[in-house]
Colleague: 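My questions all concern the structure below.
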Amino acid sequence: FQAEDGIRDSVASRGLGDVYKRQIPTISAVNGPAAGAGANLALAADIVIASESAYFLQAFGRIGLIPDAGGTYTMPRSMGFAKALGASLFAEKIPAKKADEWGLIWEAVADDKFEETWRARAEFLAKGPTLAFSKMKLALRESWNHNLDEQLAMEAKIQGKVGRSRDFLEGVSAFLEKRPAKFEGR
């Protein structure tokens with residue numbers, strides 16, 4: 001058996017790609033242990049919300065492997081090289097609160113507020129200006145590939161597009177009329 005030919009690796013890679021490359025923002029709700037490829041698939045989401053009793057574990061080194069399922073890509077980008085390397089080498093549990101402090105996840109919430117919190121966040125995204133949300137994600141992801149001038153040009157181009165959207169007009173109208181906006185995603 002060769003790991004590169006294994007079914008787990010191809011499924012994990014496709015899963016990561018599906019989550020990471022989605023145009024719309026994605027949420028991962030972690031309510032317990034997230035270890036190995038499962039942790040890295042969860043961390044591929046744009047927003048990771050974890051219960052305080054949850055933890056993340058990069059256990060690969062314990063069995064002579066490296067982090068997979070995109071862990072070597074997402075971890076250094078979210079929590080920095082030193083933390084990502086330490087998490088990989090020492091294979092210690094990273095409690096949700098620490099993951100939050102390190103920037104690995106968006107937030108750690110009390111166990112009794114976990115479901116309410118992630119559902120409210122998901123509803124907020126679903127009811128919001130989804131065109132602008134998708135363009136925010138695009139601009140932030142592309143920033144890794146641009147210098148400042150290129151990024152400013154990209155921002156201007158995207159802002160021009162979303163500034164002509166129905167959602168922008170609705171957002172401004174709702175603000176001026178002091179009412180909640182009713183976005184349509186266009």
Side-chain angles (χ1 to χ4, degrees), residues 1-119 121-122 125 133-147 150-151 154:
F1 172 72
Q2 294 182 342
E4 62 205 284
D5 297 329
I7 240 174
R8 179 175 98 34
D9 295 319
S10 64
V11 170
S13 294
R14 279 197 315 267
L16 169 71
D18 289 347
V19 172
Y20 191 82
K21 294 176 185 175
R22 281 227 179 275
Q23 288 184 359
I24 60 170
T26 56
I27 292 180
S28 173
V30 179
N31 189 22
N40 293 332
L41 287 171
L43 295 171
D46 302 307
I47 302 294
V48 181
I49 301 169
S51 63
E52 288 180 345
S53 62
Y55 65 83
F56 300 85
L57 176 64
Q58 297 296 316
F60 300 97
R62 294 180 184 176
I63 58 171
L65 291 175
I66 69 166
D68 64 7
T72 61
Y73 185 83
T74 58
M75 286 192 303
R77 284 169 170 74
S78 61
M79 63 181 181
F81 177 81
K83 297 289 188 196
L85 183 60
S88 301
L89 292 172
F90 300 118
E92 296 174 355
K93 292 178 183 179
I94 303 170
K97 281 185 175 182
K98 187 178 283 190
D100 184 358
E101 292 166 9
W102 286 358
L104 185 61
I105 67 172
W106 169 246
E107 64 185 334
V109 298
D111 289 3
D112 62 338
K113 298 288 185 191
F114 172 71
E115 188 160 342
E116 170 189 338
T117 300
W118 78 257
R119 286 185 183 278
R121 297 278 193 203
L125 292 176
F133 289 168
S134 69
K135 297 305 181 187
M136 285 176 201
K137 177 178 174 173
L138 172 67
L140 290 166
R141 287 272 165 90
E142 287 298 315
S143 71
W144 294 100
N145 303 317
H146 294 159
N147 64 36
E150 293 167 334
Q151 191 66 18
M154 180 184 193

Colleague: Excluding sequence neighbours, so at least two apart, what forms side-chain contact (heavy atoms from CB on, under 4.5 Å) with E92?
Modeller: F90
Colleague: To the nearest 0.5 Å, what is the distance between CG (N31) and CD1 (I49)?
Modeller: 11.5 Å
Colleague: Can you name the nearest heavy-atom pair linking A54 to G32, along with the distance?
Modeller: CB-O, 3.3 Å
Colleague: Could you note down all residue pairs passing side-chain hydrogen bond (donor to acceptor under 3.5 Å, both in side chains) where residues 56-66 supplies at least one of them, sequence neighbours left out?
Modeller: N40-Q58
Colleague: Going by the rule side chain to side chain donor-acceptor pair (under 3.5 Å), which residues pair with Q151 if we only count those two or more places apart in sequence or in a different chain?
Modeller: H146
Colleague: Can you list, pair by pair, the side-chain donor-acceptor contacts under 3.5 Å of residues 103-110, counting residues two or more places apart and other chains?
Modeller:
from	atom 1	to	atom 2	distance (Å)
E107	OE1	R121	NH2	3.2
E107	OE2	R121	NE	2.8
E107	OE2	R121	NH2	3.2

Colleague: Please list, chain by chain and in numerical order, all residues satisfying side-chain contact (heavy atoms from CB on, under 4.5 Å) with R22, sequence neighbours excluded.
Modeller: I24, T26, K137
Colleague: So how far is it from T72 OG1 to I66 CD1, rounded to the nearest 0.5 Å?
Modeller: 5.5 Å
Colleague: What's the shortest heavy-atom distance between A139 and M154, and which atoms?
Modeller: CA-CE, 4.1 Å
Colleague: Enumerate the residue pairs fulfilling ring-ring contact (aromatic ring centres under 6.0 Å, His included) with a member in residues 22-54, sequence neighbours excluded, ordered by first and then second residue.
Modeller: none
Colleague: Could you work out, with side-chain contact (heavy atoms from CB on, under 4.5 Å) as the rule, every residue matching A42, not counting sequence neighbours?
Modeller: S28, V30
Colleague: If you take all heavy atoms of A37 and F60, which pair is closest and at what distance?
Modeller: N-CZ, 3.4 Å
Colleague: Suppose we screen for side-chain contact (heavy atoms from CB on, under 4.5 Å). Which residues come up paired with K83, at least two apart in sequence or across chains?
Modeller: M79, W102
Colleague: Mind checking what makes salt bridge (charged side-chain N to carboxylate O under 4.0 Å, His left out) contact with E150, not counting sequence neighbours?
Modeller: none
Colleague: Between atom CD1 of I94 and atom CG of D100, what is the distance when rounded to the nearest 0.5 Å?
Modeller: 12.5 Å
Colleague: Which residues pass the salt bridge (charged side-chain N to carboxylate O under 4.0 Å, His left out) test with R119, sequence neighbours left out?
Modeller: E115
Colleague: For P67 and S88, which heavy atoms make the closest approach, and how far apart are they?
Modeller: CG-OG, 3.3 Å
Colleague: Where do A91 and A59 come nearest, in terms of heavy atoms and distance?
Modeller: CB-CA, 4.0 Å
Colleague: Distance from E142 atom CD to K135 atom NZ, nearest 0.5 Å?
Modeller: 11.0 Å
Colleague: What's the shortest heavy-atom distance between F133 and P25, and which atoms?
Modeller: CB-CG, 3.9 Å
Colleague: Taking C-beta and beyond as the side chain, do D46 and R141 meet within less than 4.5 Å on heavy atoms?
Modeller: yes
